Amino acid sequence: MKDKAIQVKGLKKSFKTTEVLKGVDFEVEKGSIFALLGSNGAGKTTIVRILTTLLKQDGGTAVVNGFDVAAKPDRVRQSISLTGQFAAVDEILTGRENLIMIAKLRHLDNPRQVADDLLKRFGLTDAADRRASTYSGGMRRRLDIAMSLIGKPQLIFLDEPTTGLDPEARIEVWKTVKELAANGTTVFLTTQMLDEAEQLANQIAILHEGRIIVSGTLEELKKLFPPAKVEYVEKQPTLEEIFLAIIGKKEEK
């Protein structure tokens, strides 16, 4: 069995009288891209906030990189990075200055070298000395992800990383995410965009009404979809069709 980067069992969370998570279970393998799918308000960001120690669960357990998030939050924080829905770059600073600032905050040796290496890796060298406020959406998101990789975290959380980006910028971010996984980083991705999960994820889980209703590879999810009518060419279902079929089945019960 592969090592697990995340193990979640019976996770529960309520806000006042609203039960958002009703006993969530899933595991994420090290070095994989795991996509958590769900509609707006399904509880995806709540799960991310619990796993990144920003929010305490009401019940259940969550273990990240071998550390219990409730018992050892400091150890969890040292081994992860979080990129939220909106780029957290300082727009007054240049791309290089943003990276140097984070490297200094993480007490790394030679922050300038760290910044230069990341600028090169993310294709931002030519724009390194421009203010981040002049960057396109895709460049800003690439800089944001580069900042979150300083200190080489084992696991990176990307909460709807392509929200508000145009198609070209989305493809740029997808390429970056694939490269992260190829270099051994575990990626936990939340998205409403089904084509994004289809493009990127080794494993997909669908969160619906507070529970994970299905989890598996794209191929495994395709097997849950009714077989295609054989016409001239057998049509493969898209993840969107699978998602809607699975959710529809749950709502009928």
Side-chain angles (χ1 to χ4, degrees), residues 33 36 40-41 44-55 64 73-183 185-193 196 199-200:
I33 301 176
L36 182 63
N40 233 341
K44 302 187 301 296
T45 299
T46 300
I47 289 175
V48 169
R49 290 180 68 201
I50 290 168
L51 295 178
T52 56
T53 76
L54 297 173
L55 191 64
V64 174
D74 291 352
R75 300 300 296 272
V76 171
R77 281 182 215 127
Q78 285 166 19
S79 68
I80 64 166
S81 192
L82 168 63
T83 298
Q85 291 178 22
F86 305 100
V89 302
D90 186 323
E91 298 200 346
I92 296 169
L93 302 180
T94 65
R96 179 178 275 115
E97 287 166 346
N98 267 287
L99 292 163
I100 288 172
M101 174 181 70
I102 300 295
K104 284 180 175 174
L105 288 171
R106 286 195 177 262
H107 307 292
L108 298 187
D109 296 330
N110 205 344
R112 183 165 281 274
Q113 186 61 53
V114 170
D116 286 348
D117 290 347
L118 283 164
L119 288 163
K120 187 175 176 187
R121 179 174 165 189
F122 284 85
L124 293 168
T125 304
D126 290 348
D129 297 312
R130 278 170 38 201
R131 281 188 177 191
S133 59
T134 69
Y135 284 16
S136 68
M139 288 167 71
R140 201 172 303 185
R141 183 49 99 183
R142 289 210 310 274
L143 176 61
D144 196 24
I145 295 172
M147 287 162 66
S148 64
L149 287 182
I150 291 171
K152 298 191 172 65
Q154 300 156 267
L155 168 61
I156 181 167
F157 289 88
L158 301 175
D159 192 11
E160 301 197 12
T162 59
T163 296
L165 296 185
D166 61 46
E168 196 176 349
R170 283 176 69 202
I171 289 165
E172 279 180 34
V173 173
W174 289 354
K175 184 168 166 256
T176 302
V177 172
K178 286 175 181 169
E179 284 168 4
L180 292 181
N183 289 326
T185 305
T186 307
V187 179
F188 184 104
L189 173 83
T190 73
T191 184
Q192 295 180 58
M193 297 174 186
E196 187 154 273
Q199 280 283 332
L200 298 175

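Computed from a prediction, not measured in an experiment: that's the story for all the values here.
Between Leu54 and Leu82 the shortest side-chain heavy-atom distance falls below 4.5 Å. Considering only heavy atoms from C-beta on, Pro73 comes within 4.5 Å of Arg77 through its side chain. Residues Gln199 and Glu196 have side chains not in contact (no heavy-atom distance under 4.5 Å, counting atoms from C-beta outward). Put simply, the side chain of Thr52 does not reach to within 4.5 Å of the side chain of Val64, judged on heavy atoms. Considering only heavy atoms from C-beta on, Leu143 comes within 4.5 Å of Met147 through its side chain.
For the atom pair CG (Asn183) and CZ (Arg121), the distance works out to 5.0 Å, reported to the nearest 0.5 Å. Here Leu200 contributes atom CG and Trp174 contributes atom CH2; the two are 6.5 Å apart, rounded to the nearest 0.5 Å. Rounding to the nearest 0.5 Å places CD1 of Ile145 at 6.0 Å from CD1 of Ile156. Atom CG of Leu51 and atom CG of Leu155 lie 8.5 Å apart (nearest 0.5 Å). Distance CZ/Arg170 to OG1/Thr163: 9.5 Å, rounded to 0.5 Å. Taking OG of Ser148 as the start and CG of Leu180 as the end, the distance is 7.5 Å to the nearest 0.5 Å.
Formation of a donor-acceptor pair under 3.5 Å by the Asn98 side chain with backbone atoms of Asp90 is found in this model.
Residues satisfying the salt bridge (Lys or Arg N to Asp or Glu O under 4.0 Å) criterion with Glu172, sequence neighbours excluded, are Arg142.
When all heavy atoms of Val89 and Arg140 are compared, the closest pair comes out as CG2-CG, 3.6 Å. In terms of heavy-atom proximity, Lys178 sits nearest to Ile33 at CA-CD1, 4.4 Å. Counting all heavy atoms, side chain and backbone alike, Leu158 lies closest to Val187 at CD1-CG1, 3.8 Å. What you find for Pro161 and Val173 is that their closest heavy atoms are CB-CG1, 4.4 Å. For Ile100 against Ala115, the heavy-atom pair with the smallest separation is CG1-CB, 3.7 Å. The nearest pair of heavy atoms linking Thr162 to Met193 is OG1-SD, 3.5 Å.
Within the structure, every pair that satisfies the ring pair (Phe, Tyr, Trp, His ring centres under 6.0 Å) test and touches residues 128-171, not counting sequence neighbours, is listed here: Phe157-Phe188.
Thr83 and Asp144 form no side-chain donor-acceptor contact under 3.5 Å, judged by distance and modelled atom types alone. Checked by atom type, the side-chain pair Asp117/Gln113 shows a donor-acceptor distance below 3.5 Å.
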Pairs of donor and acceptor atoms involving the side chains of residues 123-132, under 3.5 Å and at least two apart or interchain, shall be tabulated with distances.
| unit_1 | atom_1 | unit_2 | atom_2 | d |
| --- | --- | --- | --- | --- |
| Thr125 | OG1 | Lys120 | N | 3.4 |
| Asp129 | OD1 | Arg96 | NH1 | 2.5 |
| Asp129 | OD2 | Arg96 | NH1 | 2.9 |
| Arg130 | NE | Thr134 | OG1 | 3.1 |
| Arg130 | NH2 | Thr134 | O | 3.1 |
| Arg130 | NH2 | Thr134 | OG1 | 3.4 |
| Arg131 | NE | Ile92 | O | 3.4 |

